[in-house]
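Because the structure is predicted, anything quoted here is derived from the model rather than measured. Reckoned from all heavy atoms, side chains included, excluding hydrogens, waters and symmetry mates.
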Amino acid sequence: MRVDRFRFKFPSRGRSSLLLSAAAAAAFTAAASSTSGESASLAADGIIRSSRAISTIAFVVADYKYSLRGLPRDSEDYLFKLSEVHLRSAKKLLKLCEANGGFYVKAGQFVSSLRQVPKEYTSTLSCLQDKQATPYNFADIKVVIERNLGKDLTTLFLAFDEQPVAAASIAQVHHGVLNNKQEVAIKVQYPGLEQRMKIDIMTMAILSKSISKVFPEFRFERVLRQFQQTMSLELDFLQEANNSQRVATYFRKNKAVKVPIVFRVGTDLTTPQVLTMEFCYGQKVDDLDYLQEVGINPAKVAKTLMELFAEMIFVHGFVHGDPHPGNILVSSQGNGRFNLVLLDHGIYRELDEEFRVDYCQLWRALIMLDSRKILDLGEKFGVGKYSKYFPVIFTGRTIESKSALGIQMSKEESKHLKDELRYLTLEDLTSFMDSLPPDFLVILRTDGLLRSIIGKLGVGRHVRLLAYAKHALYGVEKQHGSKGFVKNTFSRIRINITYLYLKLLLESMGLLSQINDTRHAVVNKLKDLVHGILQFFHISMFVL
């Protein structure tokens, strides 16, 4: 992306009015599908949110235009100014998301987990992952529950807490007790949500087309389509119930994983807008104070977390698409034991089987330092010359790296990579992301969220590498299906031996690196000591 290729045009007053009129029309059109009593309120609210969005985007575009004008792209001034504008723009978008709420918050959460956006955006918008929404008035929530379940609350529940235990951007959760004394969590979709989504998506579509004319290198419309598909899945609680039951089946023998039971079979407690499930106690997976209080080792939590998602990705090919800390609880079982409670099963991705196997092969090649295989798989994935960046993306190494896997790159490697990346244009990045299969983008998003969690838990990257290595091996073996008891037994032994080899390789490299770091530290301390002694003698001689 060259500065002289930008064709910025700050939206004129007339153009802003045109955009605002289009947004207003979108609001009224979407609201028309709701009941007459809700239409005016939805339309007015939609116009306010749309106006706020249009003005924010106009200022962002203008900021990029005037801050970067005349600066050569490969200059230090350009890079410095670009980072400043990214940060200012990200803060403006954060305020927009917080002010508009609802789907704007969901959009901000979605963007914060994308690997292809500048770090200033991901770091600034990431706070939306833990954002608690303002709960709806219980009278409105009660109407939604009783309309969906067809009965009065007092008939359905022995007890029902009117104060929600959690409130997010599209739903809030209440604690209740069924007539059989079973504790349940009732997830209730906010009233008028589908109409609000139509309004907000229409506004975002209008803005994305306008921005794409200014920044043709970005693919805002593609991101918006992905976001819309994700939201459509999340608004169907029956689909969420199906996903939950499927995952529970996969991990039924894993005592470290808990998927809340959905009360659906033989009952009328779950509908597209109301989801009733088993109530589970616990705290967010990255709550270090809680882990310390109950005596749970954060490293064990990180290992269990990575094992859980590695099995989803590499073995089952059915991946939870939103693993932020609020959706994963740690539940203490006493004496340092725990299980992970997996919540919010609205967004899942079923991986294409051929992609799943190729992705397993890619991770095996990454661990085994097989650069030829990495490049071959890159051709298969359709990314061509960009496949050499796979090791950087996933393991923090260059494809020619000889440094310890799972350890930070040497200064020389880092400098070489930085110099190489300086010559990558935004077109290169866009071309790379566009060429990746859709399944790959989902994996990148999920992996980014997981890395953030284990980083907060203070655990080294080797935990993630080992989990991926182990399940990549199992995933490749799954491709061949059942071979009979004897062959399956030998196959499992072979996998375990390979895994132990990889584990030994990673841990020995880590140990060598620690020894090397210690040696450097000792040498530096000796140098400081010698320097101090010489300085002492120099001062003494000077005084004498």
Side-chain angles (χ1 to χ4, degrees), residues 49 52-53 56-57 60 63-64 82-133 166-171 197 200-201 203-204 207-208 211 215 218-231 233-234 284-287 305 309 319-328 343-344 346-349 393-394 426 429-430 433 436 438 440-457 464:
R49 295 200 312 277
R52 195 179 286 129
T56 299
I57 296 302
V60 166
D63 196 1
Y64 275 99
L82 182 63
S83 180
E84 285 187 333
V85 182
H86 282 336
L87 186 58
R88 285 198 300 270
S89 301
K91 290 178 177 178
K92 287 186 176 72
L93 291 179
L94 176 61
K95 289 182 179 179
L96 171 65
C97 293
E98 291 175 334
N100 279 1
F103 290 100
Y104 283 86
V105 171
K106 296 298 290 187
Q109 292 172 345
F110 187 81
V111 170
S112 73
S113 62
L114 296 176
R115 298 285 291 277
Q116 62 266 43
V117 300
K119 66 180 185 300
E120 291 84 357
Y121 284 91
T122 56
S123 60
T124 301
L125 296 175
S126 62
C127 67
L128 294 172
Q129 297 288 358
D130 297 324
K131 185 171 180 59
Q132 284 283 316
S169 50
I170 68 170
M197 185 179 79
D200 291 343
I201 292 295
T203 302
M204 292 176 190
L207 289 173
S208 68
I211 297 171
F215 298 105
F218 288 101
R219 300 293 191 268
F220 289 104
E221 292 171 329
R222 181 185 180 189
V223 172
L224 181 60
R225 282 196 302 272
Q226 293 172 353
F227 174 67
Q228 186 174 6
Q229 291 168 0
T230 299
M231 287 301 96
L233 291 173
E234 198 165 357
K284 289 182 180 180
V285 68
D286 61 349
D287 188 339
L305 176 69
F309 277 88
V319 188
H320 191 299
D322 196 20
H324 67 77
N327 287 338
I328 307 164
L343 304 175
D344 200 346
I347 305 173
Y348 270 81
R349 178 80 181 194
I393 293 170
F394 289 114
L426 183 56
L429 178 59
T430 303
M433 298 308 296
L436 286 172
F440 218 121
L441 297 175
V442 174
I443 294 293
L444 284 173
R445 180 174 185 269
T446 299
D447 183 57
L449 290 169
L450 293 172
R451 291 168 84 162
S452 174
I453 292 174
I454 65 172
K456 290 178 182 177
L457 291 172
R464 169 176 162 272

Closest approach of P323 to L449 (non-hydrogen atoms, all atoms of both residues)
CD-CD1, 3.5 Å

Can you find a heavy atom in the side chain of L94 that is under 4.5 Å from one in the side chain of C127?
yes

So, do L436 and L444 sit near enough that their side-chain heavy atoms are less than 4.5 Å apart?
yes

Heavy-atom side-chain contact between L128 and K106 under 4.5 Å:
no

To the nearest 0.5 Å, how far apart are CE in M204 and CG in D200?
5.0 Å

Less than 4.5 Å apart, side chain to side chain, heavy atoms only: is that true for I57 and L93?
yes

Do side-chain atoms of H320 reach the backbone of D344 as a donor and acceptor pair under 3.5 angstrom?
yes

Are R49 and T203 packed together at the side-chain level, in the sense that at least one heavy-atom pair is separated by less than 4.5 angstrom?
no

If you look at every heavy atom in L125 and G108, which pair is closest and at what distance?
CB-O, 3.9 Å

Roughly how far, to the nearest 0.5 Å, is CG of D447 from CZ of R464?
4.0 Å

Considering only heavy atoms from C-beta outward, does the side chain of L96 approach that of K92 to under 4.5 Å?
no

If you measure from CD1 on I453 to NZ on K284, what distance do you get to the nearest 0.5 Å?
10.5 Å

Check F227, Y104, Y121 against F110 for a ring pair (Phe, Tyr, Trp, His ring centres under 6.0 Å) and give me the one that passes.
F227

Can you tell me how the ring of F440 sits relative to the ring of F394, calling it parallel under 30°, perpendicular over 60° and tilted otherwise?
tilted

Which heavy atom of S169 sits nearest to which heavy atom of G102, and what is that distance?
CB-O, 3.3 Å

Short question: side chain of R445, backbone of G321 - any donor-acceptor pair under 3.5 Å?
yes

Just so I know, are the side chains of C97 and Q109 near enough to count as touching, which here means a heavy-atom distance under 4.5 Å?
no

Sub-3.5 Å donor-acceptor pair from the side chain of N100 to the main-chain atoms of R52, do we have one?
no

Distance check, rounded to the nearest 0.5 Å: H86 atom NE2 versus Y64 atom OH?
4.5 Å

Can you tell me how far the CG atom of L343 sits from the CG atom of D322, to the nearest 0.5 Å?
11.5 Å

N/O donor-acceptor pair under 3.5 Å between T446 side chain and I443 backbone:
no

Drop me the distance from E84's CD to E120's CD, to the nearest 0.5 angstrom.
10.0 Å

Judged by atom type as modelled, is there a donor-acceptor pair below 3.5 Å linking the side chain of E234 to the main-chain atoms of G346?
no

